[in-house]
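Heavy atoms only: backbone and side chains are in, while hydrogens, waters and symmetry mates are out. Because the structure is a prediction, the values reported are computed rather than measured. Reminder, nothing fancy here: chain letters follow the sequence lines and each chain counts from 1.
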2 protein chains.
Amino acid sequence: MLMEKMAKKYSASVEDYLEAIANLHKSEKAVKVKQLSRMLNVKMPSVTAALQKLSEEGLVVHEKYGHIELTPEGNEAADDVIRRHRALSRFLAQALGIDQKTAEEDACKIEHVISPLALERMIKFMEFVEVCPLGEAKFPQRYRYYLEHGELPPECLERRSGER
Amino acid sequence: MLMEKMAKKYSASVEDYLEAIANLHKSEKAVKVKQLSRMLNVKMPSVTAALQKLSEEGLVVHEKYGHIELTPEGNEAADDVIRRHRALSRFLAQALGIDQKTAEEDACKIEHVISPLALERMIKFMEFVEVCPLGEAKFPQRYRYYLEHGELPPECLERRSGER
DNA sequence: AGTTTTTGTTAGACTTACCTAACATTTCTG
DNA sequence: CAGAAATGTTAGGTAAGTCTAACAAAAACT
């Protein structure tokens, strides 16, 4: 039986550790317990414990006092979390006009629970909005206007009043 | 100092119990442990334990073997969860075109973690789409077309080819 | 190199929220 | 209304994931 490459399900906590390690791995030469501790807002012993569990599960390579790295499997899982995170944060910021900070915070939580379908649709939504001009003004601009002014942009109002 | 009516933060589990009790309260005459157990996919002893905790916290009224009811505070919290749930599920289904079942499932998870701002924006988004006609076809219809056919609806294509 | 500072680990405890097995109460039914 | 069936509770366990305090190793400084 073919094993579909379906992402296994990890706990939110596990996903957070994997994501943080992957992100640190990109920006820093070596990933440290202390960094993870700060990044995830937990104390160092919690990190040590988590790393032990992740090692046992084959997602992380970590010897006592040594470097922290992801296994191929861990890396794959991390990439998947990061992909979800990015898409969500873009959707919240770009499509819904939420400030970057809040969008990030929401993405951090929602990334652990959103279904593949919902995620795919958010991505499709952004694609669509980007490529379809929808008349003179692009959709998101009109939506922004509505958000800022609390009422419809002029062209929508005109159209409505001329509707009867 | 004025106490703003800011919803206190409860755990996902607590919110699930409150939500379930409130929903059952509407459809059934009396809320039973068994029903909650089935609805939340946990065993009955877990429900009993949860009800005890909720009683102590003043969110639920429940005497041994007796009826289960929400206190005013519990009811307020439940309503807030339900409000989030509804908005989310509507947004996912209506705006993103996700099937009802998946939209429900996602809403059940996301309702516990979404920020007030993101929720508000989803609601605003639906309002906007509903009232602003955006040209000949309404926005969601074009989006649906894109979802179904995998390419832009004709009127978008025409406009693009005539753009140069 | 030796000492101090920083970083990392171990040990042990706590919280939340679940479970099973056994017991208790209600409710149904003959 | 008495026994059977269903429902609810108690007792005791388990798993995640966190914490503090104490100890160990590594790094940094002089």
OP1 or OP2 of D:dT9 under 4.0 Å from side-chain N/O of B:His62:
yes
Whole-Å distance between D:dA16 P and A:Glu56 CD?
10 Å
Could you go through A:Lys124 and A:Glu120, starting from their C-alpha distance and side-chain angles, then the distance that decides it, and tell me whether this counts as salt bridge (Lys or Arg N to Asp or Glu O under 4.0 Å)?
CA-CA 6 Å; A:Lys124 276 238 160 56; A:Glu120 183 224 292; 3.4 Å; yes
Under 4.0 angstrom, heavy atoms only, what part of the nucleic acid is A:Gln35 near: base, sugar-phosphate, or nothing?
nothing
Which distance, rounded to the nearest 0.5 Å, do you find between the SG of A:Cys108 and the CD of A:Glu19?
6.0 Å
Member of A:Val31, A:Asn75, A:Leu18 meeting the side-chain contact (heavy atoms from CB on, under 4.5 Å) criterion with A:Val60:
A:Leu18
Between D:dT9 (P) and B:Glu63 (CD): distance, integer Å
11 Å
How about A:Tyr10 and A:Tyr17: are their ring centres within less than 6.0 Å of each other?
no
What I want to check is whether the side chains of B:Gln52 and B:His62 have a donor and an acceptor closer together than 3.5 Å.
no
Rounded to whole Å, OH of A:Tyr10 lies from C1' of D:dA15 at a distance of 18 Å
What's the separation between atom CG in A:Asp99 and atom OG in B:Ser115, rounded to the nearest 0.5 Å?
8.5 Å
With salt bridge (Lys or Arg N to Asp or Glu O under 4.0 Å) as the test, would you mind laying out the steps for A:Arg84 and A:Asp80 before giving the verdict?
CA-CA 6 Å; A:Arg84 300 201 293 273; A:Asp80 196 60; 2.5 Å; yes
Would you grab the first and last nucleotide of DNA chain C (5' to 3') that comes under 4.0 Å of any non-hydrogen atom in chain B?
C:dA17 to C:dT25
Kindly say if B:Gln52 contacts the phosphate of D:dT10, meaning a side-chain N or O under 4.0 Å from OP1 or OP2.
yes
Given protein heavy atoms under 4.0 Å, the one-letter contact record of nucleotides 17-22 of chain D, with B base, S sugar-phosphate only and - none, is simply SSBBB-
Please determine whether residues B:Leu54 and B:Leu24 belong to a single hydrophobic cluster, defined as Ile, Leu, Val, Met, Phe, Trp and Tyr linked transitively by side-chain heavy-atom distances below 4.5 Å.
yes
Does B:Lys34 put a side-chain nitrogen or oxygen below 4.0 Å from OP1 or OP2 of D:dT7?
yes
